[in-house]
There are 4 protein chains.
Amino acid sequence: MTPAASSRAAARLLILCALSLGAQMRDPLPVPDVSGFRTLKGDFHIHTVFSDGEVWPVTRVEEAWRQGLDAIALSDHVNVHPHEPDVSADLRRPYEVARASAERLGIILIQGVEIAEGNLHCNALFVSDPNAFEGLGLQAALRKARNQDAFVFWNHPGWKQAPRWFPLIASAYEEKLINGMELVNGLTFYSEAYPWIEEKKLTILANSDVHAPIAFEYHDPRTRPITLVFARTADAGGVREALLARRTAAWMGGEVWGAEEFLNGFWERSIEPGKANFRFTRGTRSATLQIRNRFAIPYLLHVAKTVSWLAVGAGEIPAEGVAAVSLALLKDAPEGMHSVELEFEVTNLHVAPRRNLTVRLPITVEITE
Amino acid sequence: MTPAASSRAAARLLILCALSLGAQMRDPLPVPDVSGFRTLKGDFHIHTVFSDGEVWPVTRVEEAWRQGLDAIALSDHVNVHPHEPDVSADLRRPYEVARASAERLGIILIQGVEIAEGNLHCNALFVSDPNAFEGLGLQAALRKARNQDAFVFWNHPGWKQAPRWFPLIASAYEEKLINGMELVNGLTFYSEAYPWIEEKKLTILANSDVHAPIAFEYHDPRTRPITLVFARTADAGGVREALLARRTAAWMGGEVWGAEEFLNGFWERSIEPGKANFRFTRGTRSATLQIRNRFAIPYLLHVAKTVSWLAVGAGEIPAEGVAAVSLALLKDAPEGMHSVELEFEVTNLHVAPRRNLTVRLPITVEITE
Amino acid sequence: MTPAASSRAAARLLILCALSLGAQMRDPLPVPDVSGFRTLKGDFHIHTVFSDGEVWPVTRVEEAWRQGLDAIALSDHVNVHPHEPDVSADLRRPYEVARASAERLGIILIQGVEIAEGNLHCNALFVSDPNAFEGLGLQAALRKARNQDAFVFWNHPGWKQAPRWFPLIASAYEEKLINGMELVNGLTFYSEAYPWIEEKKLTILANSDVHAPIAFEYHDPRTRPITLVFARTADAGGVREALLARRTAAWMGGEVWGAEEFLNGFWERSIEPGKANFRFTRGTRSATLQIRNRFAIPYLLHVAKTVSWLAVGAGEIPAEGVAAVSLALLKDAPEGMHSVELEFEVTNLHVAPRRNLTVRLPITVEITE
Amino acid sequence: MTPAASSRAAARLLILCALSLGAQMRDPLPVPDVSGFRTLKGDFHIHTVFSDGEVWPVTRVEEAWRQGLDAIALSDHVNVHPHEPDVSADLRRPYEVARASAERLGIILIQGVEIAEGNLHCNALFVSDPNAFEGLGLQAALRKARNQDAFVFWNHPGWKQAPRWFPLIASAYEEKLINGMELVNGLTFYSEAYPWIEEKKLTILANSDVHAPIAFEYHDPRTRPITLVFARTADAGGVREALLARRTAAWMGGEVWGAEEFLNGFWERSIEPGKANFRFTRGTRSATLQIRNRFAIPYLLHVAKTVSWLAVGAGEIPAEGVAAVSLALLKDAPEGMHSVELEFEVTNLHVAPRRNLTVRLPITVEITE
């Protein structure tokens, strides 16, 4: 910088600062559509002052809008009303109160409710009367949810105890009263419960279970857990159909758990490799493969396969950024033109317990003296 | 959050943290192509240890790559060599030393040189022999630059003195030895010099003039000044042709100075208005217009024109974000269906001294009882 | 960095990341005690769901604790209850609900209320019955506040209209019903109202008037407006006595408005100049004066006075940081030992309209051949 | 916020923004003095353009000053000069070039050199002639270092190979040519080498080994590795004496490795517990213990011991922040007044391999009906 008066320089930057003041702005949090579906970002476990939450329902809509979500369910507890009688316990009210804001901001709003017995909690979404569950045990409540055509999932399967396929859950499952399970609740991933997703054909969910203002619980908004929903239409009906059809993935803190089809779709839609044809000479034995990621899901690459004479650097492809993966010829690299298929394990994209996504990048390598 | 062990929660976030450690990553800094040209991001005034800079030429290439630039010129001083004899004063060396890295990372590298007399400094780009200027006065040096087919611009026109159209500059200009001018150098914008851009038909430039490591001078990398070049081809020849043809804009700290054609192109390519048809009823007198910005240039909107019965909120459309502009019916709003053209002044996009870009957004408003 | 496996490096940093997850932590936001008083940080204008706010009263206490405040007043509107009948309109409840949390976290909690007529709003603090104001006009309400021994201040004096000394305010002031005024409300500073502080002997206040979760309105928590209270004791009684005695200052966004005595006290308690004795020789004509700031109020120094032969750089002394102020001998610097008193205007500390704090730093300069 | 014009609000915040522009400022990075010693923060492994580094020696001094260091050693490689002949290979020059800046900014500057044989590298500090090592094998070089009264440590003991007590190191150690070892180099902690610190009575070091501009390698400056030196005097002699006497600790990424005496001293000097006397009643069964940390080293507390009837939350005490540790009575809590000594393991402060610091906090608990 030339020695200009620093006060002048400061004034120049006013505009940038103004922009960061946080007027009403939304992080687009871009994720790719896959397999012909719209990818919607949802959080289906959220509390308000109508049970033991700390904020007004309208605020939950604005939080979702700011953080790039497309859909939320308000799911206050049936039997937990610590703010009574200051606040009504009528569980139809959170949805009714928030509806106008949701329409205005384009957020898909779903009426839900959290029902419980002991440490076993379930969320029922799309219920027509959330007050109908008052005073019921879990089984009776789940039957009522079925009668209301709800989509039901088991919340935080290891809450206050190690995760097990508890008898109460088992019998509800046998009766087809449970459709899904939170593999992620808040910042907790339930690894012990992961195998049940496939064994029991459950829908996978990741929800915040937020009670306080969202910023209290996630200083970096992009750590908020999100259920990715692969929907035919971007509306409540589309969310419902996709949840019932098990077309979801769980996303939290840079990690994604979901079916190979969808996760592979993310990779293929997100990644733009730069120049993939490399020429090495005696004097130039190394090169850089640039990979751009157009979306908000990062990729941590572990090199799974290369040819014996080519060293490939592990790569971290940041969200909406560009990575540089180093390539270096080893001693015995043969002269000539070669087609090489690099294979990477994506260590933060999980397609099954202990199995991560595998991806391939073809390059050509020309080696001359 | 459920009361899960916080150590567990922390472990979950390892991946996000790992991603922020700053392995070799590039900010794509996306800007739209306009008017059929490729928009290249350049910095054409950069120093290295070969004159009074503090870093090795290769490092300048990596800084540029990380910060999303496409093109740089290394432009060490002809007569300033404080590091001699520890460091060579051969001004061909910065370019030669950095060239392999630039090729590897895809950065367009330009050989430049800074020539000076007193407080009047000029950069000559695309010179064939940067050592040829040693010991020359400004006029002689500029003539030599012309003989080398250089593109020449006047640096920081208000350095150590108020900007004036100094006699030495005037006579060089008359002799057609000067093609452009830094409207922005470092964090300084030279408002007094702004009229000369149009009066003298100069090419507009914004450069860093960086001497220290770039992070010393710009903590937020996106405040670095950038010359936007509207090129036919993404190579050194393309940069040269565009600079000579005055197809550039200056970008610094959220502000852009350039021709209306290009700035309007930015707006049109960047902006995706959401739903633009609004229905108001007796109960709903307000609505939200969402505007998404797909690129890295922000827009500060001042409402220039609306209809008398519709209040429109000023909007700040953040880089790569979504803004919400509020609409509210006033008392005398007439029933029926109306086409309304909102007009905004974009207060951070400058098309001439004291004249900002004006943009329009058409909406339809339906008012029922 | 040596070429260690980057995954290993990432694991090492887990601890730092864990620490930034935002478990329940408080920013101490240190400010110095001055003139024998305890400096308390307060916000005396805060809303909850009990009027048109969006959060539960307990949450306001935790927000205050996290952001380093010592005292808050909950001051819901008397006649604004958009959440009725879902939420009670009993204005004693916010205080009662939040009291246990305030005690637990050591936050001084004050029962307040906001009363209004048209655009003229006042806050009454320390009221015994906030429900007693229902349905009253401003004058009647202010008289009732006096009967309850309240401390009363005029809120946002330019809300929806240019600030004027409105007749209704004037007559209440004549009747001694108003003790203070918000010079700052939210991010707005009312410059036109500033002279009234001294003319009318008002207590100066800076409050947030927060309705949404605090993080919505202040992305950077340290931009939140704060009333600095110079109290004899760190309790509600101490706050009350100081407010009545006009021992306060307004702090927002790096700027402070208050009496010279207190602002000078901040400077004297905050600043630790490093080595202040400089020796210049023929070869060394420049030096650096380091200044450490131990507290959270920054200082922007403009050089007001130096000796003719010594150039002094303008300095920005950051909150809890160290600044480097450059000193350079000019041509005519006389040999010998000199005592020099540098004088600075602190451009962000305002002691009266158009008058900033002036401070002095003595140094010695020894000049030898 | 009241609906004030947002442009006005933005202007108000100019000052805060100006302050964050990164004029020449130093992070004080406060750490406590312990055991009667001055705690100095050092980095004793740093490269410049004089070997394979990328920046000018003066820049290393300014980086250190900005990041809160007190002492650095410039330690360019003896036999690695990739920038020759553009840059001199005279290894006395980095120190000579940087000395004036170091004096001006108050940084203790140490002349060092890195000597090597294969993958085994050592740094020699306080050498009188860094050029004397040219062309020597490791053993010869280490003997020469001893003749120059150097302090010598083994660098990155697992570089390009698993750490072992290699024969070349063993014989040098037997000959008393090696005084210390880098337990941390860059972001790598060498756990396999940790036992040698005590077995061989080595001085513990944590250094950056930085080659590029420091901001390239540590985006968050507070992750930079630092050797904490417990010195009698804050000068080069004091550093030397402390290094020889093994009074150091290694600090990186929130973790510290060092002798129990010093780490316990950190805890005792840093921590200010708030109110430690708690009263529980039938209605109030929980409380909060606030703990303030005045310095830059964080503490991760794992509860090691409490009484059977009192649940204590794990705590993370942030650098220069305040933590809230929750206390909750369990069912069988006996009435009366109790003195309880809480015991915590500090999981980020390591006093020996697999042994962390243990600390105690006494509280009193009064339980009434």
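Residue numbers begin at 1 in each chain, while the letters A, B, ... track the order of the sequences. What's counted below: heavy atoms across the whole structure, side chains too, no hydrogens, waters or symmetry copies.
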What part of A:Val87 gets within 4.5 angstrom of chain C, counting heavy atoms only: side chain, backbone, both, or neither?
both
Part of C:His83 within contact of chain A (heavy atom distance under 4.5 Å):
both
CG of A:Asp52 to CH2 of C:Trp56: how many Å apart, nearest 0.5 Å?
11.5 Å
Measuring heavy-atom distances to chain A, does C:Val97 have an atom under 4.5 Å in its side chain, in its backbone, in both, or in neither?
side chain
Of all of A:Val55, A:Asp90, A:Asp86, which one pairs up most often with chain C through heavy atoms under 4.5 Å apart?
A:Asp86
